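The shown structure was predicted, so the numbers you read here are calculated from the model rather than taken from an experiment.
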Amino acid sequence: MKQKGGMTMELSVISSNLLYASFFIYLLATFIFGATVKVSNEKTNHKVGNIGIGVTIVGFLTQIGYFVTRWFAAGHAPVSNLFEFMTFFGMMLVFGFIILFFIYRITLLGLFALPVALLVIAYASMFPTEISPLVPSLKSHWLYIHVTTAALGQAILAISFAAGLIYLIRQVNQEKATKRTRWLEFILFGLLCAVGYIAVGTTFGAVNYEATFEAPVNEQMTQITYEMPPIAGPADGELLTERAFGPLFETPGWMQGVNAPVKFNAILWSVFAGLVIYGVLRLLLRKRIAKSIQPLLKSASPRLVDEVSYRAVAIGFPVFTLGAIIFASIWAQEAWDRFWGWDPKEVWALITWLFYAAFLHLRLTRGWEGERSAWLAVIGFAIIMFNLLAVNLIISGLHSYA
Amino acid sequence: MSEITCECGHVNPEGTVLCEACGKPFEENQHLNDNKPEQLLNMRYDGSARRSQTYQRTIVDKIWNFFSSVKIGVSIIIILVIASALGTVFPQEMYLPPGSDPTTHYKEQYGILGQIYYQLGFHNLYSSWWYLLLLAMLGVSIVIASIDRFVPLFKTLRKQKPKRHVNFMKKQRIFGETTSTDIDYKRLKKNLKSKRYKIHEEEGHLLAEKNRFSRWGPYVNHIGLILVLLGAMLRFVPAMYMDEFLWVREGETKEIAGTDGLYYIKNEDFILETYDMEDEANSQFQESLQNQSGPVPENYQTNAVIYERTDLPVVPGKEPELEKVREAEARVNHPIELDNGISLYQASYQQNEFSSMTFKLHDKGNEDTDYGQFTVNLIEPKDEYTLDNGTTIRLERYFPEFELQDGEPTQVSKFPRNPAFIFEVKVPGEETEVSFAGIGVNIDASGENDYKVGLVDFQTRDVTGLTVKRDYTLPIIAFGAAIFMIGVIQGMYWNHRRIWIQPKDTGVWVAGHTNKNWFALKKDIDRIVADTGIEPPVDQQEEKDEAERGNDDGIISDKQ
C-alpha cells in the first residue's frame with residue numbers, strides 16, 4: 001500500500017510538470033504565429049503557419065499528458081475544482097483553435113486564441129492546485145461527461161471571441177476617439193486585468209505573502225487568510241498578522257461567505273494591476289492599444305475572420321447545449337432530484353444559451369454580420385467568463401465547489 | 001387572392017418575391033425582402049410568399065405578424081436574459097437558509113436594495129406570472145414564426161426548376177460568366193456527383209443541390225423546444241408530477257408518500273462517511289484535506305428495506321401487513337427506483353437525534369441516592385412512569401426541541417434534538433413536586449423540592465431525509481431535448497448548397513447559393529469547375545467590399 005502513495009505523488013509531480021511544459025509550448029507557438037504577421041510571402045507564411053500549428057499540437061498533446069496523469073493520480077477526472085476546470089477549459093480552447101485552423105487556415109487566429117488560452121491556464125493556477133477529494137454529489141460519471149462537454153462548448157464559443165476581436169481591431173476606425181474605440185480599449189483592458197492578476201498573484205505567491213484576519217462570519221469568529229496584501233479587509237475584521245499592510249477599507253457586508261473578502265480583494269488587485277499595465281502601455285505606445293495593433297492585422301480578410309467568428313458559434317452552440325444544458329440536466333436529476341432548479345450557475349448557463357440563440361437568429365435571419373456580429377461575440381465571451389468566475393466566486397450556489 | 005403568373009408560366013401565390021419555379025424577381029414585391037435594384041438578391045426563405053408579409057388586415061393577421069417577427073422573438077429572448085440575470089443578484093427564496101423569514105431576511109442581509117428586490121417579487125422571479133408569460137410568448141413566437149417560414153419555403157424548394165431567370169442568376173452572390181465554347185459538361189457533372197450534389201436538368205440547364213435537409217434544422221429544433229416547454233407546463237398537472245419529502249429515523253418504517261399506502265420504507269442505517277486522512281487510499285488528497293477546516297464528506301447513504309402492503313384494500317387506521325420487497329441503498333447520485341416510477345433520493349440527514357432518555361430520582365442535595373430509574377421513549381412518551389418504590393412520575397409536558405426564551409421554556413420544533421420535560425413527581429405519602437429536566441438544565445421552579453429528576457443515560461440515532469419523486473413529464477422533456485439536438489445539429493453542421501449552371505450561346509453562366517458558410521461553397525465550386533473549362537465564379541459581395549474599401553489602408557466601418 002505504501003507503494004501506491006509514492007506512485008501517486010510521483011504521478012502528480014509529472015502531471016504538473018507536463019502542464020508547465022504545455023504552457024511554454026503554447027507560448028512558443030504564439031510567437032511563431034506572431035512571426036507570420038511580418039511575413040508577406042504567401043509560401044513562407046504557409047510554412048511558418050505549419051510550424052506554428054505543429055508546435056500547438058505538441059503543446060496540446062503535452063497537456064493531454066497532464067490531464068491523463070492527473071486523472072490517474074487523483075482517481076477521478078481532473079475537472080472537479082476551479083483550477084482543474086479552467087485548465088481543462090484552456091486545453092479545449094486550444095483544441096477548438098486547432099479545429100478551426102484546419103478549416104480556415106488563419107494563422108492570425110493563433111495569435112489571438114492561444115494567448116486567451118494561456119491567460120486562462122495561468123489564471124487557473126491562481127486557485128488551489130492540490131488534488132481534492134470528491135464530495136458525494138460529484139461522485140458520478142456525469143462529472144466528466146457534463147463538465148468536459150460544457151467546457152468544450154464554451155471553449156469553441158470563446159474562439160468566436162478571439163476572431164471577433166481580430167475583426168474589431170482590424171475594422172474599427174481608429175482615426176478619432178469614438179464610443180467604439182473606447183469599448184475596444186475596455187475589452188483589452190479587461191484582458192490586461194487578467195494579466196495583472198496573474199502577475200500580482202505570482203509575485204506574492206513567490207514570497208509566500210500571508211495576512212490573517214479574525215472576523216465574524218455568520219456570527220462566528222473565523223480566521224481569514226489573505227495571500228495578497230489586503231486592500232479591502234473583512235467587515236469588522238481584526239488584523240492578526242503583525243506589520244502587515246492595510247486594510248484601506250472594509251468589504252461591504254452584503255458580500256457573503258468566508259472567502260468573500262479575499263475574493264473582493266483579489267478583484268481590486270486585478271483591476272489595479274490592469275490599470276497600471278494599461279497605463280504603462282499607453283505611455284509607451286503613445287496611442288490607443290487597438291490602434292497600435294491594427295496595422296499588424298492588415299493582411300486579414302475581414303469577411304473571412306467574420307465567418308470564423310460565426311462558424312465557431314455554429315459549431316460551439318450545439319456542443320454547449322448538449323454539455324451545459326442537457327447533460328447538466330440529466331445529472332442534476334440524478335444528484336439533486338430535479339433537472340432544473342434555478343441555481344445561479346444554471347441560470348447563467350441558460351443566459352449564455354439564450355444569448356447565443358439570439359446571436360444566431362440575428363445573424364442568420366436579420367443579417368447581423370461583420371462588426372455587429374463581432375461585438376456580440378465579445379459580449380458572449382463576457383457572459384461565459386462571468387459564469388465561470390463571478391458566479392463561482394461572488395454568487396454562492398450549489399456549484400460553489402467548482 | 002391575386003396570384004402572380006410568371007413569364008415562365010408558373011403561377012405563384014400572392015406575396016411571392018422570387019418566382020417559385022424560375023426565381024424571377026417580381027418588381028412589385030421586392031420591398032418585402034428589402035431588395036434594392038443595384039444590390040444582390042436577398043435570398044431570405046428563397047423569396048417565398050410568407051403569410052406575415054402578405055396579409056396585414058385583420059386582427060388575426062396582426063397577431064400572427066407580431067409573433068412571426070424574428071425581431072420580436074429576439075426581443076423576448078433578450079428580455080428573458082436580463083430578467084434571468086436579475087434573479088441571480090440575490091438568492092431566490094428557495095435558497096435562503098432554512099428557517100429564515102424572507103420578509104425580513106432580504107432587508108437585513110442586503111439592505112435597501114434587498115428590500116426593493118423583495119418588494120418587486122424578484123425573490124421568486126422564475127415562477128412569477130410575468131416570467132412565465134415571457135416564456136409562453138417565446139413559445140408562441142417559436143410556433144408562429146416557424147409555420148410562417150417553413151410552409152412556403154418547403155413549397156418553393158419543391159417547385160424550383162433548374163432553368164433560372166437571368167436576373168436571378170446575375171444577382172446571386174456567387175456568380176461567373178465564362179465565354180468559351182469548349183466546356184466539358186460530362187466532367188462537370190462527374191465533379192458535381194463526386195461532391196455529392198444531386199443534379200436536376202432542364203433543357204441543358206443544371207441545378208446541383210445538396211443537403212436541403214439542413215434547411216429544416218431550425219424547424220426541427222423548434223419542435224423540440226416546444227415539446228420541452230409543453231413538458232414543463234405539464235408539471236402543473238398533479239397526476240403528472242409528485243414531489244414529497246420523507247424523514248425516516250433509523251429503525252423506523254414509514255409509508256412512502258404518493259404510493260396510496262402501498263409501499264413502505266424502513267431505514268436500517270444511515271451512513272455518513274468522511275475522508276480519512278490516515279487511509280493510504282486517500283494519500284493523494286493529503287494536502288487538500290489538511291487545508292480544509294473540517295472533515296470532507298465522502299458518502300451519504302441510507303440502507304433501507306422496501307415493503308409492500310399485502311392486506312388490500314387499504315383500510316385507514318388498520319395496522320398494515322407488510323411483505324419485504326427488497327433491500328436497497330439510497331446514495332447521492334444513486335436514488336432508489338421503485339417499479340411504479342417513484343424514486344427516492346438521499347437529500348438530507350439529521351445525525352444523533354435523541355431516541356430515548358433515562359432518568360433517576362434522587363435527593364436534591366445528594367446525587368448518589370437512587371429511588372429508581374425510568375426511560376422515556378422520545379417518539380412515543382408515556383403519560384406516567386411508576387418506579388419500584390411506588391412513586392409515580394407524570395409527564396406534564398414534553399418539549400422535543402426546547403429553548404429558553406425570556407426564562408420561559410418554548411418549543412422550537414417537534415424533532416427530539418434538545419428534549420426537555422416537566423415532570424410531576426409523587427412519592428407515596430409526600431407532596432407532589434414539579435421538576436423541569438433536560439440536557440444540562442434542571443430547574444426547581446418552586447425552590448422547595450426535596451427530590452430531583454436527573455439524567456443518567458440517553459440513546460441517539462440518525463434520521464435520513466429522502467425526497468420522493470415521480471415525474472411523468474421527464475420522458476416528454478427528454479424527447480424534446482433529443483429532437484432539439486437533432487434539429488440544431490442538422491441545421492448547424494450541414495449547409496444547403498445549390499449551384500446553377502446555365503448554358504449560353506457564348507459560353508456558360510454559373511451561380512451559387514448557400515444558406516450559410518460561403519467560404520466553403522466557394523471552395524466547392526472552385527474544385528468542381530477546375531478542369532471543365534469554366535472559369536471560377538466570384539463572390540460578388542466580397543468584390544463589392546473591396547471596391548468600397550478602395551485603395552485606402554483597408555479600414556472601413558460597417559455603419560457607413
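Residue V319(A) touches chain B through both its backbone and its side chain, counting heavy-atom pairs closer than 4.5 Å. Neither the backbone nor the side chain of L125(B) comes within less than 4.5 Å of any heavy atom of chain A. Using a 4.5 Å cut-off between heavy atoms, V296(B) touches chain A through its side chain atoms alone. At a 4.5 Å heavy-atom cutoff, the contact between N517(B) and chain A is made by backbone and side-chain atoms alike. With a 4.5 Å cut-off on non-hydrogen atoms, I477(B) touches chain A through its side chain but not through its backbone. For Y345(B), the part sitting under 4.5 Å from any heavy atom of chain A is the side chain, from C-beta outward, and nothing else. Only the side chain of D471(B) comes within contact range of chain A, with heavy atoms under 4.5 Å apart.
Between I131(A) and S288(B), the shortest heavy-atom distance links the atoms O-CB, 3.2 Å. P344(A) and T88(B) make their closest contact through CA-CG2, 4.0 Å (heavy atoms, listed as atom of the first residue, atom of the second, distance). Nearest heavy atom pair, residue V332(B) against residue A335(A), reads CG1-O, 4.2 Å. When every heavy atom of G341(A) is checked against every heavy atom of Y95(B), the shortest pair comes out as O-OH, 2.8 Å. Taking both residues in full, the closest heavy atoms of E307(A) and W518(B) are given as OE1-N, 3.6 Å, listed atom of the first, atom of the second, then distance.
The ring pair (Phe, Tyr, Trp, His ring centres under 6.0 Å) test applied to F327(A) returns W142(A), not counting sequence neighbours.
In this structure, the separation between CD1 on I78(B) and CG on L354(A) is 8.5 Å, given to the nearest 0.5 Å. Between the CG atom in N124(B) and the CH2 atom in W342(A) there is a gap of 12.0 Å [rounded to 0.5 Å]. Annotation: the span from N333(B) atom CG to L138(A) atom CG amounts to 8.0 Å, rounded to 0.5 Å. A distance of 14.5 Å separates CD1 of I77(B) from OH of Y356(A), quoted to the nearest 0.5 Å. In this structure, K71(B) NZ and H361(A) NE2 are separated by 15.5 Å, a value rounded to the nearest 0.5 Å. Distance check: F484(B) CZ to T321(A) OG1 gives 4.5 Å after rounding to the nearest 0.5 Å.
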I315(A) and M492(B): CA distance, side-chain angles, deciding distance, side chain to side chain contact (heavy atoms under 4.5 Å, CB included) verdict: CA-CA 7 Å; I315(A) 299 173; M492(B) 289 281 126; over 6 Å; no
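The shortest side-chain heavy-atom distance between P133(A) and L289(B) falls under the 4.5 Å cut-off. Under the 4.5 Å side-chain criterion, counting only non-hydrogen atoms from C-beta, L364(A) is in contact with K516(B). Side-chain contact between R331(B) and K139(A) is absent, with no heavy atoms from C-beta onward closer than 4.5 Å. Put simply, the side chain of P318(A) reaches to within 4.5 Å of the side chain of Y493(B), judged on heavy atoms. Counting only heavy atoms from C-beta outward, the side chains of R338(A) and K469(B) approach each other to under 4.5 Å.
For the options T467(B), D34(B), N515(B), heavy-atom pairs under 4.5 Å to chain A are most numerous at T467(B).
The salt bridge (charged side-chain N to carboxylate O under 4.0 Å, His left out) contacts involving residues 314-332 of chain A comprise nothing, where partners must be two or more places apart or lie in separate chains.
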